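Following: one structure in structure tokens, then a few remarks.
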Amino acid sequence: MRAKTKMIHGGITGDEQTGAVSVPVYQVSTYKQDEVGKHRGYEYSRTGNPTRHALETVIADLENGKAGFAFGSGMGAMTSVMMLFNAGDHVVLTDDVYGGSYRLMSKVLNRFDLEHTFTNTSSPKAVEAAIQENTKAIFVETPTNPLLKITDIRKMAEIARKHDILLIVDNTFATPYWQQPLDLGADIVLHSATKYIGGHSDVVAGLVVVNTDELAEELHFIQNSVGAVLGPQDSWLIMRGIKTLAIRMEAIEANTKKIVAFLENHANVSAIYYPGRESHPGHELAKQQTSGFGGMVSFDVGSAKKAEEVLGKLTYFTLAESLGAVESLISVPAKMTHASIPAERRQELGITDGLIRISVGIEDADDLIEDLKVALSDKKKQLV
Ligand SMILES: *Cc1c(COP(=O)(O)O)cnc(C)c1O
């Protein structure tokens, strides 16, 4: 089955009993047992729920993995994955991971003595150097936020195998439509399904797919023990999102290409970060490991003041955190998603005060470009 077909016919489709074409929302917490200890596959919805199970099955299919797991958020998913490790273990992570992942490792899990090192995973040498005796996993996000840095997943898998440790990939930005980390050698894939997979800015959810039965068993034990599960209604909404993931990603990328071409020729834009551009340092690598460049673009307008002016003049780009939705979103990372990172560190990473990040939606590209044209011009906003 090809990717586009899998999104419609993968996993569990419909309902055997009634012929319903859509998987029903099993809004239920507990299940009748025929005898003590004899049930029909479901006992209690934290342990398993048919709607959630259908979502877990389709995401496992899309990522070519053994088993999928749905959580109440991307962070719930990551926390549960980190519960695979013990106090005293160590994890090497991409240095510009999602802010919440940074916070989880450095402000919460550190209290339980799960150690970490953040390093530039675009450099395999840096990763090798960060590995310690007690390292149990490499955790990479690729592309990253907001500079769209690319990490070589195959190379990371090689390093992980050499040291007999796990490779975990946050695949939120690329989605399983463009990138399948398990096929490139990763052991665990993680998603904030809140973003592209859900795709409509209406659900917070997290997904994990693992590549072995052992990991599946361990993670199910943790999912059931920790209990950060996704509810049936939200599971259904995420499945609905998956059905259009392929066409949304295609439409988003087509729009993004046009917007990037517009930004490239704009005098007030001093830098553009998009892996689809030949000048992007990760361009060749992205071509080798992904089948699309996605819809996230960052560009520099020079100063915090200019960035603020641009945001104030936009009509179709909604100023908001999050990404990956049908509507175009815009943010200033230094003031929003990355505000908790010290200014000095931001400067080191290249997240300047004039950096604007857009998540391109599926509106008409011409409207989006006209909107950016007005916002980027030096003219004051016309009051009507
Ligand atoms: C949003 C996001 C997360 C966290 O997901 P939530 O669903 O918000 O908990 C993790 N990783 C990346 C790359 C994200 O963009």
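Counting convention: from 1, in listed order, for ligands and their atoms alike. Since this is a predicted model, take the numbers as computed values, not measurements.
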> Going by atom types alone, do Ser45 and Tyr31 pair a side-chain donor with an acceptor below 3.5 Å?
Replying inline: yes
> Are His90 and Thr117 linked by a side-chain donor-acceptor pair shorter than 3.5 Å?
Replying inline: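 Short answer, yes.
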>> Measuring centre to centre across the rings, with the benzene-like ring taken for any Trp, is Phe118 within less than 6.0 Å of Tyr102?
In response: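 Yes, they do, as the ring centres are separated by less than 6.0 Å.
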Could you tell me whether some N/O pair between [X] and ligand 1 is separated by less than 3.5 angstrom?
X      : result
Thr194 : yes
Ser101 : no
Met75  : yes

> With under 30° as parallel and over 60° as perpendicular, where do the rings of His266 and Phe262 fit, or are they tilted in between?
Replying inline: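 His266 vs Phe262 ring planes: perpendicular.
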>> List ligand 1 atoms under 4.0 Å from Ser73, heavy atoms only on the residue side.
In response: 7 (O), 9 (O)
> What atoms of ligand 1 come within less than 4.0 Å of a heavy atom belonging to Glu141?
Replying inline: 13 (C)
> Does Lys243 make a cation-pi contact with Tyr177, if we ask for NZ or CZ under 6.0 Å from the ring centre and within 45° of the axis?
Replying inline: no
> For the side-chain contact (heavy atoms from CB on, under 4.5 Å) test, which of Asp353, Thr352, Ile356 pairs with Asp300?
Replying inline: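 For Asp300, the side-chain contact (heavy atoms from CB on, under 4.5 Å) test succeeds with only one of Asp353, Thr352, Ile356, which is Thr352.
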Distance from [atom] to nearest protein heavy atom, with residue and atom:
atom                    : answer
atom 6 (P) of ligand 1  : Gly74 N, 3.3 Å
atom 15 (O) of ligand 1 : Lys195 NZ, 2.7 Å
atom 4 (C) of ligand 1  : Tyr98 CE2, 3.4 Å

> Could a heavy atom of Asp170 be found less than 4.0 Å from some atom of ligand 1?
Replying inline: yes
> Of the backbone atoms (N, CA, C, O) and the side-chain heavy atoms from C-beta on, which set of Ala205 has a member under 4.0 Å from an atom of ligand 1: side chain, backbone, both, or neither?
Replying inline: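 It is the backbone that touches ligand 1; the side chain stays farther off.
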> Given that the side chain starts at C-beta and the backbone is N, CA, C, O, which of these parts of Met78 lies under 4.0 Å from ligand 1, counting heavy atoms, or is it both or neither?
Replying inline: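 The answer is neither.
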>> When you measure from the side chain of Ser225 to the backbone of Phe221, do you find a donor-acceptor pair of N or O atoms at a distance under 3.5 Å?
In response: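 Looks like yes, one N/O pair under 3.5 Å.
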>> Run the side-chain hydrogen bond (donor to acceptor under 3.5 Å, both in side chains) test on Asn171 and Glu63 for me, step by step, so that the C-alpha distance in whole Å, both residues' side-chain angles and the decisive distance to 0.1 Å come before the verdict.
In response: CA-CA 10 Å; Asn171 202 26; Glu63 290 286 7; 3.0 Å; yes
